[in-house]
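Take a look at the structure below.
Keep in mind the model is a prediction, meaning the values are calculated, not measured. We're numbering straight along the sequence, starting at 1.
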Amino acid sequence: MMKPNLLIPSTKGFVPFSFAVLLTLALFSLQGCHPERENNLRLLYWNIQNGMWDGQGDNYDRFVDWVKQQDPDICVWCEAQTIWKTDSDKVQPKDERYLVDNWGELAARYGHEYWGIGGHRDNYPQVITSKYPIIYESRITGSPEDTLVSHGAGWAKIEKNGRTFNIVTLHTWPQGWSPQDEDREKSRAEHGGDRYRRTEIEYICRHTLGQVPEAGEQYWMMMGDFNAPSRLDNAHYGWAVDEPRFQVHDYMLQNTPLLDVIHDWHPGTFIPSVGSKASRIDFVYCSKPLFDLVQDARIVWDAYTTPERDPQGLSNFWRPSDHLPIIVDFKVNEE
């Protein structure tokens, strides 16, 4: 990558100390490094809807520019595969799809050298890109004898400043009915989809942090499109205590050592994560030691990320995505 020319300002009117400071900042800029971020780990999670379908028309230029502005250390992309032809709802042949095979090329445009893909059995994988090497502990798809994980999941590790960060990515079953039930309408009426999502979450947790007895004392983060609301937001929903849609996050809150970062960082505030503004179904969970390092956490509604319906009227297509990104900053001084 070509480096920009270093422009050294005139020293006229400046004392030597001021010039030294300016030169230091210029050198950090030249190296693509921010001095205030040396001990910061920034996570960016986003369900980018069908492999950032909105970005296909401009070679992902707006997408790349926005990501570069955020300067994340780690990105987790949900729905990371190109599926549809540009500006249409026509399926793109697999041999013509830019993503997932070219995530390395795309990630390099916003400064990430490393990338990896979790386990998946369909068109909706999760991809991790990073400034640091990624090591996958497991790629999870489930098994017919136990639970099929519809969109797969992954467990990866990244190291920074002598600390090891465990990253679990997931995207649960999206339908109101269960794929195990033949009668879809009956299944929907009986909350079969919620029941199935609950089995997926248990399976994923059992095969990730459930494999590590001391996980609650380590640095763990779990994130994804859970396709389920949390009872922690019930002041917004106003549903009954025994609402079946809460069972996915009830499992997370009652059976894992992980904390809901957005809720706990913004107590008493409901922040939707989808374009309809009706619900929060995208989550980042962290173990307590990692949550204690959080400096900021937010769901990003800005000029670029705010979802808008596709003007062509294509069913369920939004620009740039039907979901909002989540950014979490951690302070990670060297151990």
Quick one: pull up CD1 in I140 and CZ in R121 and give me the separation to the nearest 0.5 Å. 12.0 Å

Going by atom types only, do N161 and N39 share a side-chain donor-acceptor pair under 3.5 Å? yes

Main-chain N/O of R184 paired to D181 side chain as donor or acceptor, under 3.5 Å: no

Sidechain-backbone polar pair: H249 side chain, S230 backbone, donor-acceptor under 3.5 Å: no

Would M222 and V332 show up in the same hydrophobic cluster when neighbours are defined by side-chain heavy atoms closer than 4.5 Å? no

Do the side-chain N and O atoms of H263 and D260 include a donor-acceptor pair separated by under 3.5 angstrom? no

From the list L43, I128, T208, I134, side-chain contact (heavy atoms from CB on, under 4.5 Å) partner of I167 resolves to I128

Any V212 side-chain heavy atom under 4.5 Å of W220 side chain: yes

Rounding to 0.5 Å, atoms CG (L232) and CD1 (I262) come to a distance of 12.5 Å

Identify the two heavy atoms, one from W84 and one from Q56, that lie closest to each other, and give their separation to 0.1 Å. O-NE2, 3.1 Å

Could you tell me which non-hydrogen atom of R197 sits nearest to which non-hydrogen atom of W173, and how far apart they are? NH1-O, 2.7 Å

Lys/Arg cation over aromatic W301: K277, 6.0 Å, 45° cone: yes

Quick test of your reading of the model: are R109 and E105 salt-bridged, counting only N-O distances below 4.0 Å? no

Members other than I48 in its cluster, when Ile, Leu, Val, Met, Phe, Trp, Tyr link by side-chain heavy atoms under 4.5 Å? L44, W46, M52, Y60, F63, V64, W66, V67, W77, Y98, L99, V100, W103, L106, Y110, W115, I117, V127, V300, Y304, I327

Mind listing the closest non-hydrogen atom pair of M221 and L290 along with its distance? CE-CD2, 3.8 Å

If you define the side chain from C-beta out and look only at heavy atoms, does anything of S276 sit under 4.5 Å from D322? no

Quick check on the hydrophobic clustering: are V261 and Y285 connected, directly or via other members, by side-chain heavy-atom contacts under 4.5 Å? no

Run the salt-bridge test on D250 and R245 with the 4.0 Å N-O cut-off and return the result as yes or no. no

All heavy atoms of F270 vs all of A278, minimum pair found to be CZ-O, 4.1 Å

Any salt bridge between D233 and R231, counting N to O under 4.0 Å? no

Linking I/L/V/M/F/W/Y whenever their side-chain heavy atoms sit closer than 4.5 Å, directly or via other members, would M252 and L259 fall into one cluster? no

Ring centres of H120 and Y124 under 6.0 Å apart? no

Other than I281, what residues sit in its cluster of Ile, Leu, Val, Met, Phe, Trp and Tyr side chains whose heavy atoms are under 4.5 Å apart, directly or through others? V274

Please report whether the ring centroid of Y136 lies less than 6.0 Å from that of W155. no

Heavy-atom pair of closest approach, residues K331 and N40: N-OD1, 4.5 Å

Could you check whether R198 pairs with D194 (Lys NZ or Arg NE/NH1/NH2 to Asp/Glu carboxylate O, under 4.0 Å)? no

Provide the closest heavy-atom pair for H151 versus T172 in the form atom of the first, atom of the second, distance. CD2-O, 3.8 Å

Has E200 got a side-chain atom pairing as donor or acceptor with S150's backbone, closer than 3.5 angstrom? yes

Test of understanding: clusters of I, L, V, M, F, W, Y form through side-chain heavy atoms closer than 4.5 Å, transitively. Do I299 and V294 belong to the same one? yes

Any side-chain heavy atom of Y45 sitting closer than 4.5 Å to one from P325? no

Would D146 and S143 count as a side-chain hydrogen bond (donor to acceptor under 3.5 Å, both in side chains) here? Give the steps. CA-CA 5 Å; D146 190 334; S143 65; 5.2 Å; no

Less than 3.5 Å apart, any donor N or O on the side chain of S321 or Q49 sitting next to an acceptor on the other? no

Is K157 paired with E137 through a side-chain N to carboxylate O contact shorter than 4.0 Å? yes

Tell me whether Y114 is reachable from M223 by hopping between hydrophobic residues (I, L, V, M, F, W, Y) whose side-chain heavy atoms are closer than 4.5 Å. yes

Apply side-chain hydrogen bond (donor to acceptor under 3.5 Å, both in side chains) to N123 and R97, showing your working. CA-CA 11 Å; N123 290 327; R97 297 178 181 182; 3.2 Å; yes

Residue pairs passing the salt bridge (charged side-chain N to carboxylate O under 4.0 Å, His left out) test with at least one member in residues 40-57, sequence neighbours excluded, are R42-D329, D54-R62, D54-R319

